[in-house]
> 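Just passing along the structure, written as structure tokens.
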Amino acid sequence: MNPADLAPDPAAAGNPSAPHPAGAGASSSGPAVPTQPRHRDVPPEDLDVDLTADPPGPLLATGTVADVYALDDRRVLRRDRDGRDASGEAEILRHVVAHGFPAPAVFFVQGPDLVAERLHGPTLLQALTAGEVSLHDGAQILADLHRRLHEIPAPDGWSDTRSQWPHVTGGPTVVHLDLHPANVILSEAHGPALIDWSNARSGPAELDVALTALIIAEVVVDAGGEYSAGARALLAAFLTCVGTDLLGALDDAAAVRSQDPSLVAGERELVPAAAALIRELVAVATPPEH
């Protein structure tokens, strides 16, 4: 995830025909956080599509390392362009879904190909930009997803040898490491649901929360950024809602963020200023000792 990804697609955000989740509108009386139901077990099934076709289906999205194709109305294919094995990501996804966390169910994985449940609905980022979800409610949704995820213990025996996360050496819970508004789908089936689990692993909850704060803060400190003011309000609300002491993990989060392979030239330079902003906002919100 890089800061530019938090700048929404105006056409998508303003499309009146785009699907909208029930009960996700802005509210001044309290956070609109839909109840997130547990997934039903997904029965094993034979894969009835040809993944060798070029392309295997309409291209839905393209990211830094992977492309996502629509296979049909209920399934998508996420394919790593570098051929990286997706079995670790699939194992984490199956683990969190089995614990009732709102995320796409996995149907099939082989090599770089992961076939998962297709979620219908706008991203939280699109809903925030369109004014359909208030900044406070958006922050509460992010905090709620963190809380629910960090209640899930790390899977026994899970390991991943990917070397791009040397600062994340394990921990007691599942961490996503890329939880931000563009990776949250306000889905018709499950309410707010978290996608893009390529960075997920075991780790400390505080690190995960600090990374979300850093990603938002980078948008704030990006000089001249069109969405800086809104991102600052979202960050302040998130720090209030999350209820986690993240300052102890902030240096590690900044180190992880600085080594994120998805960042492009100029974006790594935003990380120190983003970390400084978080410290400033936490200090302002902390009552003085008497």
Side-chain angles (χ1 to χ4, degrees), residues 1 5 8-9 11-13 15-24 34-81 84-127 130 132-133 141 145 148-149 176 178-200:
M1 165 65 194
D5 292 331
D9 179 353
N15 181 2
S17 65
H20 302 295
T35 300
Q36 298 157 332
R38 290 185 176 271
H39 287 282
R40 293 187 295 271
D41 290 339
V42 177
E45 65 178 44
D46 294 328
L47 197 66
D48 54 357
V49 294
D50 182 10
L51 298 185
T52 65
D54 187 18
L59 182 67
L60 286 181
T62 184
T64 306
V65 299
D67 298 314
V68 179
Y69 300 91
L71 298 179
D72 52 35
D73 192 55
R74 65 189 183 90
R75 295 175 301 181
V76 296
L77 166 67
R78 187 180 186 279
R79 172 171 288 166
D80 191 280
R81 288 195 298 273
R84 187 178 66 175
D85 183 78
S87 59
E89 179 178 351
E91 184 180 350
I92 284 279
L93 258 175
R94 285 172 169 148
H95 179 72
V96 300
V97 168
H99 281 76
F101 188 82
V106 174
F107 297 120
F108 174 85
V109 61
Q110 184 176 67
D113 290 346
L114 191 157
V115 177
E117 178 184 9
R118 183 175 181 179
L119 301 179
H120 296 275
T123 66
L124 176 57
L125 178 59
Q126 291 169 343
E132 296 163 355
V133 174
I141 288 172
L145 288 170
R148 292 193 61 183
L149 181 61
H176 185 271
D178 203 15
L179 201 167
H180 56 75
N183 274 344
V184 177
I185 302 289
L186 301 180
S187 71
E188 299 167 358
H190 309 302
L194 189 56
I195 62 171
D196 194 353
W197 291 76
S198 58
N199 294 348

> Run the side-chain contact (heavy atoms from CB on, under 4.5 Å) check on Leu186 and Gln126 step by step: do they pass?
CA-CA 10 Å; Leu186 301 180; Gln126 291 169 343; over 6 Å; no
> Which heavy-atom pair separates Ala103 from Ala193 by the least distance, and what is that distance?
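Minimum heavy-atom separation between Ala103 and Ala193: N-CB, 4.4 Å.
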> Using 0.5 Å steps for rounding, measure from the CG atom of Asp178 to the CG atom of Asp196.
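Asp178 atom CG to Asp196 atom CG measures 5.5 Å (nearest 0.5 Å).
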> Could you grab the distance from atom CZ of Arg148 to atom NE2 of His99, nearest 0.5 Å is fine?
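Going from the CZ atom of Arg148 to the NE2 atom of His99 covers 12.0 Å.
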> With a 4.5 Å heavy-atom cut-off, do Leu71 and Leu51 have their side chains touching?
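Result yes, sub-4.5 Å side-chain heavy-atom pair found.
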> Restricting to non-hydrogen atoms, name the atom on Tyr69 and the atom on Gly57 that form the minimum distance, rounded to 0.1 Å.
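Scanning both residues completely, I find the closest heavy atoms to be CD2-O, 3.2 Å.
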> Quick check: closest heavy atoms across Leu194 and Pro104, and the distance to 0.1 Å?
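Between these two residues, the closest heavy atoms are O-CD, 3.3 Å.
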> When rounded to the nearest 0.5 angstrom, what is the spacing between CZ in Arg74 and CD in Glu117?
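Here the rounded value is 10.0 Å.
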> With side chains defined as the heavy atoms from C-beta onward, is the minimum distance between Glu89 and Val109 less than 4.5 Å?
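No. Closest side-chain heavy atoms not under 4.5 Å.
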> Begin from the C-alpha positions of His95 and Glu91 and carry the test side-chain contact (heavy atoms from CB on, under 4.5 Å) through to its verdict.
CA-CA 6 Å; His95 179 72; Glu91 184 180 350; 5.6 Å; no
> Using the rule given for side-chain contact (heavy atoms from CB on, under 4.5 Å), can you reason through Val97 versus Val106, listing the C-alpha separation, both sets of side-chain angles and the distance that settles it, and then say yes or no?
CA-CA 9 Å; Val97 168; Val106 174; over 6 Å; no
> Report yes if some heavy atom in the side chain of Asn183 is under 4.5 Å from a heavy atom in the side chain of His176; otherwise report no.
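Yes, close enough: below the 4.5 Å cut-off.
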> In the structure I gave you, are the side-chain heavy atoms of Leu145 and Phe101 within less than 4.5 Å of one another anywhere?
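A side-chain contact exists here, since the closest heavy-atom pair is under 4.5 Å.
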> Considering only heavy atoms from C-beta outward, does the side chain of Arg118 approach that of Leu60 to under 4.5 Å?
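A side-chain contact under 4.5 Å exists here.
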> Has His190 got a side-chain atom pairing as donor or acceptor with Leu119's backbone, closer than 3.5 angstrom?
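Flag not set: sc His190 to bb Leu119 has no pair under 3.5 Å.
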> Taking atom CG of Leu114 and atom CG of Leu77, what is their separation to the nearest 0.5 Å?
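Separation between the atoms: 8.0 Å.
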> Can you tell me how far OG of Ser198 sits from CZ of Arg78, rounded to the nearest 0.5 angstrom?
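Atom-to-atom, Arg78:CZ and Ser198:OG are 4.5 Å apart.
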